[in-house]
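A short write-up of the structure that comes next.
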Amino acid sequence: MNRTNRPELLPRAAAYIAGHSRQLFFALLFLTGVLLGIIAFLAGGQEWEQDLALMLKVRGVPEGFPGALSALMASCLAPFLMIGLLFLLGMSACGVPFTLIAPLFYGLGLGMTEAYYYSTGWAGVGFSALLVVPHSLIAGMALILAGAEAARMSMRLSAQLLPDAPMGGLWPDFRQYVLRFFLYLILALISGMVDVCLRLLFSFLFV
């Protein structure tokens, strides 16, 4: 029975790739950004390491509810701004090339952060696994999905500009577009909440 099921895996995999080609492409961009960030950090040497240590260092959450709220907003700021930018780019018929920047740029920052903590030894690897990777992957997923959706909407708008193209019929697409981006913002908010909760849970690491 296993032999008969194995040949069916290839068509299913091909169908999945074909149906999610944009998402996979943007995921590849994100991973490329991570790789470029690691390479950039390694190429920078000691000068970059000292400068970036101040920017990439993860800090503890200030005491009290206002401090936690401030840390949450700071954690969500970059993903929120990028998702907002992608939303606007999706509303442009020429926005597709620019939608590639957000996942690549976020991956670049993550790659440099990972390389910095890995350079500090095994303690840095464990610290990164606990406090950097979890929320960064959630935020990265939100940006991957937002980028793919923005590219889809931008191509949908550009198709209307072609000669003899049928005009109109975009209202259902626009409502779906707004709803999906609202969900991506929620996903980015969840990433910030995970970040703050993990920093509070492992607050002893910041002593």
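Residues take their numbers from the sequence shown, with the count starting at 1.
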S119 side chain to Y116 backbone, donor-acceptor under 3.5 Å: yes
Heavy-atom donor-acceptor pair, T32 side chain to L28 backbone, under 3.5 Å: yes
Pairwise side-chain contact, S92 with F98, heavy-atom cut-off 4.5 Å (strictly under): no
S128 side chain vs G124 backbone, donor-acceptor pair below 3.5 Å: no
Distance flag, aromatic centroids of F87 and Y177, threshold under 6.0 Å: yes
Any donor-acceptor N/O pair, S158 side chain to S154 backbone, under 3.5 Å: yes
Flag if over 12 foreign heavy atoms under 6.0 Å of CZ, F105: no
Crowding at OH, Y118 (>12 non-hydrogen neighbours, <6.0 Å): yes
M155 side chain reached by R22 side chain, heavy atoms, under 4.5 Å: yes
Pairs involving residues 71-80, ordered by first then second residue, that meet salt bridge (Lys or Arg N to Asp or Glu O under 4.0 Å) (sequence neighbours left out): none
E114 and F41, any side-chain heavy atoms less than 4.5 Å apart: no
Donor-acceptor contact present, side-chain T120 to main-chain Y117, <3.5 Å: yes
